[in-house]
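Notes follow once the structure below has been shown.
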Amino acid sequence: MGTRHDRGGPDPATDDRADYDYEGGSVERPAFVAALEDRIDGAVRFDEYTRQLYATDASAYEVVPTGVVYPTSTADVAAVVDYCAERGTPVLPRGGGTSLAGQAVNEAVVVDCSRHMDAIQSVDPAGRTARAQVGVTLGALNDRLADHDLKFAPDPAWGDKSVLGGAIGNNSTGAHSLKYGKTDAYIEDCEAVLADGTVTTFGEVTLDELRSRADRDGLEGQIYGAIARLVDDEHEAVAAAFPDLKRNVSGYNLDRLLSEAEDGSVNVARLLAGSEGTLAIVTEATVSLEPVPETKSLALLSYHDLIDAMADVPAILEHDPAAVEVLDDVLLELAADTEEFGDLVDQLLPADTGAVLLVEFYAENDPQGKERVADLLADRVGSVGTDGVAQSGADSLTDAPREAFHGQEAHEESERKRFWKLRKSGLPILLGRTSDAKHISFIEDTAVPPENLADYVAEFQELLADNDTFASFYAHAGPGCLHIRPLVNTKTVEGVEQMAAIADGATDLVTTYGGSVSGEHGDGRARTQWNRKLYGQDVWEVFRELKAAFDPEWLLNPGQVCGYAADETIPEGVPARARAVDMTADLRFDPDYEFEMSFEPAMEWDNENGFQGMVELCHGCGGCRGPQETTGGVMCPTYRAAGEESTATRGRANALRQAMSGDLPADPTDETFVDEIMDLCIGCKGCAKDCPSEVDMAKLKTEVEHASHQEHGASLRSKLFAHVETLSAWGSRLAPLSNWLARAPGSDVLAERLVGIASERSLPTFRRESFEDWFAQRGPAVDPEDAQRRALLVPDTYNNYSNPDVLRAAVRVLEAADVHVAVPDDATSSGRAAHSKGFVDVARERARTNVDALEGRVADGWDVVLVEPSDAVMFQSDYRDLLGSDAAPVADNAYGLCEYLDRFRLDERVDWTGGEETLTYHGHCHQKAVSRDHHAVGVLRRAGYAVDPLDSGCCGMAGSFGYEAEHYSMSQAIGRILFDQIADSDGDAVVAPGASCRTQLGDRRGHESPSHPVERLADALAD
């Protein structure tokens, strides 16, 4: 497997007990599959599930491919292309599938290079170059270069998910294009597979050598001949047609080619930049590198409206910034209404802010950075008071009138992150709509010269109004490339017509203002048809001639970038696939789309369109595909372990939507679909927070499993896990006999054979005296009348019966904080175990029992406290899904233990003796998903410990998941990611609040189970 997914173990699916192989449904063209399998070392998949998973990217389009291959080498790619060329079958190279214009979907054999071909082959720090295979993510490449203080300069927003090949194919750039330009500037040479399977290397050649290579036989000679003719005959036509613009990636990269030719040589590899896989398939590349800036400084300028901000951009560019980013009033208002960004807007911006510009400078040292920001503020705002408000008296350094009325600066990294967080709030807000109308990316990266921005935006707003919709304007104002996503409902005929009309009008505007229809995200299915209007018929035909030279049969990603327009006749001998794609065809949601509810949802869905809205929410950005090393966060653990599209949130969400819309011929409750798609979701909830759209796959899985139980019944093992509190109670009553039986010779093998519990797992031991028994005899030690607060400590099943020392430590710590503690005798288990196995009715019954038991005392001023993170989140979050507003009284007053201490600053009342150890802290994924995991670190530090908090994902145990024999290998593969992080930490000991996490870590050979943080807090109490 590739470096991103190889953790020293095999693919989890190779375990004989695994009941999944990432495939499903019938296999298309089995003879074709067999022939390819004989020719390559990589995998070949033409099954229905895989084909549907690759039918979408991050765009609005959906096209089912012929099949998918996962090459391991350039030789594999060449063999696939050669075989397909013989049979006239199109081929499409693909990386992370993060394309926003639809260039990564087609009716073709998809060649996914991101799985295996991700090696960084060499780094030359002195020469500032690196060579890598095209499947490496830009994040992984830059991570490798960091030790040399170098980087691959283009920085697309999804750089830790998108790959080098995608950056080349799309000619990617990013927020700092003012400094670095586009990817083409950094391509030194590349290895490529041509349309007939020939492997060649493209790089810099003199014009004489270019012409001499045109005499070669075969396809290579034809290609060099076409390029030579371009250089000799088309300079004037290209110069006249191409806009004078830093941000233009529409069409083929002819302007760079002919510009280089003026100096006597051309780099043919750079011609492939922005070609979207239509000319050749790049497999390796040598790229030049840039030094990492010594330091950065930021300014945040406030404006009354967007037009004022746009008018100010040219004057700001006089200060030579590295980035100028904009956020308009639509997004600022939406951000102010969100829990995540609301406080940020209130803290950073004056009340009457209608738009902001974020201006970043690179500098050689901190004083220089501060000076550059000060110069900008003095020029564009005037004298700025301590509150950032503009004062009168300072002269403008440029001729342009001042438009900003407020300015702030940030130099420390933490403050700069706050400013950038505000800028990056735009995308997740826009992508969070669960309505039928969505903010679609079909004109989102039009670009014009910065001096035309104000007039262009004003007319664009009129265009949107004329079409009865609106959009937000954000992103790269500096180079004139704005992200504009109109709200459109393509499920209606009127919506599709609206989409086409806006695109047509936008193209007219960019041509009027000297711009481009694509300044960043490429042509693809969304913008190919507009290239003729942008460049004119002559250059449109030049594009086609170049395409035909590289790919005479139009087999490589056909229909994209150029082709024959709808009103043109395709010449005799040219295949029909040479027709340019239509932007309104192949939409993921179109007027013929139907969503069939094969079951009724059992939980509350308070988003627009409910369950259906959540199923359809994933827009395909691939945010769930990032590796732990560079992406961090929780999602998506199974993808990080296996590297399979079906194990990412995007894959599951797409498969579920396709199954419920009929595109995938599968019932979502059937065994195969559940095993291959839903069952491998471990319910970590990371997607509910880390996914830009906040797709709640854990909740969707619970609904599907519940429906499956209702329709097909549930296994004995699932029922046992769902009622684990009953088993544990009996285990405690029968201890130590129950413990002896669980550890008797052969009991592990018997448990696996009878109920499918992995023989490698150590089962919990039970204590004869439960925590509840202990507390009933002991009673509270703090008088309720004199206490600072009163807490109802609700025991969880595991710590009550198997590890009561944790709950005892919780009582000690709470009482040391002057909290009166009571244990309610009428509460029951949280229902987490039943909920996680899809027994919604059982979980709802538990929730109702607990809310009825506790809400009266909560009304009297009691707090509800839990030590097990998953149980705390069950009370806080999942009860709302089960009971709706009835859960609010208890949910609003339920806390995890450390959250409780931190939120009310109760630990500040404790006389801590301090700890001498450094603790490596692994937080629980459920608490991370609801942004409540940070409390433990703060409390431990105030208790005197040094703490190294890991940016870790799920441990892989995930409740009962890791106990299940068929999931053991996946659980371990996920766990190895965490094990490596712990090994890299300097901590003396590990602490983890989750019982599952402690079990997973304790099951490692030669390792003891870590402590719960509250046990370390109890150790730090003064005697």
Side-chain angles (χ1 to χ4, degrees), residues 17-20 602 638 671 674-675 678-685 698-699 701-710 712-732 738 741-742 747-748 750-766 795-803 828-847 868-871 873-874 878 882 924-926 954-972 974 994-1000 1003:
R17 297 167 296 182
D19 58 354
Y20 52 90
T638 46
E671 181 180 5
V674 171
D675 288 345
M678 304 309 295
D679 206 33
L680 290 178
C681 168
I682 59 177
C684 69
K685 295 178 175 284
K699 187 176 177 182
K701 176 193 176 182
T702 298
E703 286 280 18
V704 172
E705 287 198 330
H706 174 75
S708 181
H709 295 333
Q710 298 290 100
H712 305 291
S715 68
L716 172 62
R717 186 186 64 190
S718 291
K719 293 176 181 177
L720 291 174
F721 280 134
H723 294 86
V724 68
E725 69 278 1
T726 302
L727 292 176
S728 297
W730 277 106
S732 176
S738 56
L741 289 173
S747 61
D748 52 351
L750 185 63
E752 182 166 324
R753 287 179 178 174
L754 291 179
V755 292
I757 295 176
S759 58
E760 296 91 339
R761 286 298 184 191
S762 58
L763 296 175
T765 57
F766 300 105
D796 62 280
T797 298
Y798 176 77
N799 288 309
N800 187 33
Y801 296 113
S802 295
N803 195 14
T828 185
S829 70
S830 71
R832 167 60 68 198
H835 189 271
S836 69
K837 299 305 296 179
F839 292 87
V840 174
D841 294 339
V842 176
R844 182 179 287 112
E845 179 186 347
R846 303 283 192 274
E868 173 59 33
S870 61
D871 281 44
V873 174
M874 188 76 188
D878 297 288
L882 296 169
H924 195 280
C925 47
H926 284 186
C954 183
C955 69
M957 194 68 178
S960 62
F961 182 90
Y963 281 105
E964 296 162 352
E966 70 273 22
H967 294 149
Y968 177 77
S969 58
M970 180 67 79
S971 171
Q972 288 298 102
I974 297 170
S996 292
C997 307
R998 299 197 301 277
T999 299
Q1000 176 81 306
D1003 273 357

Self-check item: Minimum-distance pair of heavy atoms, taken over all atoms of Met874 and Ala843
Solution: CE-CB, 4.2 Å

Quiz prompt | Option from Glu760, Met957, Gln1000 for which side-chain contact (heavy atoms from CB on, under 4.5 Å) with Gln972 holds | solution = Gln1000

Quiz item: Sequence neighbours excluded, which residues qualify as salt bridge (Lys or Arg N to Asp or Glu O under 4.0 Å) partners of Arg998?
Solution: none

Quiz prompt | Ser732 side-chain N/O to Phe766 backbone N/O, donor-acceptor pair under 3.5 Å | solution = no

Quiz item: Where is the tightest heavy-atom contact between Ser759 and Glu752, given as atom of each residue plus distance?
Solution: N-OE1, 2.7 Å

Exercise. State whether a side-chain donor-acceptor pair under 3.5 Å links Glu725 with Thr797.
Key: no

Self-check item: Leu763 CG to Ser802 OG distance, which is reported to the nearest 0.5 Å
Solution: 10.0 Å

Quiz prompt | Any donor-acceptor pair under 3.5 Å from Ser971 side chain to Gly962 backbone | solution = no

Quiz item: Rounded to the nearest 0.5 Å, what separation is found between the OG atom of Ser708 and the CD atom of Glu671?
Solution: 8.5 Å

Quiz item: Shortest non-hydrogen contact from Phe961 to Asp679?
Solution: CE1-O, 3.6 Å

Quiz item: How long is the span from the CZ atom in Arg846 to the CG atom in Asp841, to the nearest 0.5 Å?
Solution: 11.5 Å

Practice problem: Return yes if some donor-acceptor pair links the side-chain N/O of His706 with the main-chain N/O of Thr702 below 3.5 Å, else return no. | Solution: no

Quiz item: Do you know the tightest heavy-atom contact between Leu882 and Arg844?
Solution: O-NE, 3.0 Å

Self-check item: Minimal non-hydrogen separation, Ala714 against His709, with atom names
Solution: CB-ND1, 3.4 Å

Practice problem: Apply side-chain hydrogen bond (donor to acceptor under 3.5 Å, both in side chains) to Asn803 and list each qualifying residue two or more places apart in sequence or on a separate chain. | Solution: none

Quiz item: Backbone N or O of Ala833 within a donor-acceptor pair of the Ser836 side chain at under 3.5 Å?
Solution: yes

Quiz item: Say you draw a straight line from NE2 of His723 to CZ of Phe839; how long is it, rounded to the nearest 0.5 Å?
Solution: 7.5 Å

Quiz item: Would you say the side-chain atoms of Thr999 pair up with the backbone N or O of Ala995, donor to acceptor, closer than 3.5 Å?
Solution: yes

Quiz item: Just by modelled atom types, is the Gly683 backbone N or O under 3.5 Å from a matching donor or acceptor in the His926 side chain?
Solution: yes

Self-check item: Tyr798 and Pro764, any side-chain heavy atoms less than 4.5 Å apart
Solution: yes

Quiz item: Would you say Ser747's side chain and Ala742's backbone share a donor-acceptor pair under 3.5 angstrom?
Solution: yes

Quiz item: Hey, does Val873 have a side-chain heavy atom less than 4.5 Å from the side chain of Lys685?
Solution: yes

Quiz item: Does Val724 offer a backbone N or O that forms a donor-acceptor pair with the side chain of Ser728 under 3.5 Å?
Solution: yes

Quiz item: At what distance, to the nearest 0.5 angstrom, does CE of Met970 lie from CD1 of Ile974?
Solution: 6.0 Å

Quiz item: Minimum heavy-atom separation for Ser830 to Asp871, with atom names?
Solution: OG-OD2, 3.1 Å

Exercise. Would you please name every residue forming a salt bridge (Lys or Arg N to Asp or Glu O under 4.0 Å) with Glu703, sequence neighbours left out?
Key: none

Practice problem: Would you check, one step at a time, whether the test side chain to side chain contact (heavy atoms under 4.5 Å, CB included) holds for Arg761 with Asp748? | Solution: CA-CA 8 Å; Arg761 286 298 184 191; Asp748 52 351; over 6 Å; no

Quiz item: Roughly how far, to the nearest 0.5 Å, is CD of Glu964 from CZ of Arg17?
Solution: 12.0 Å

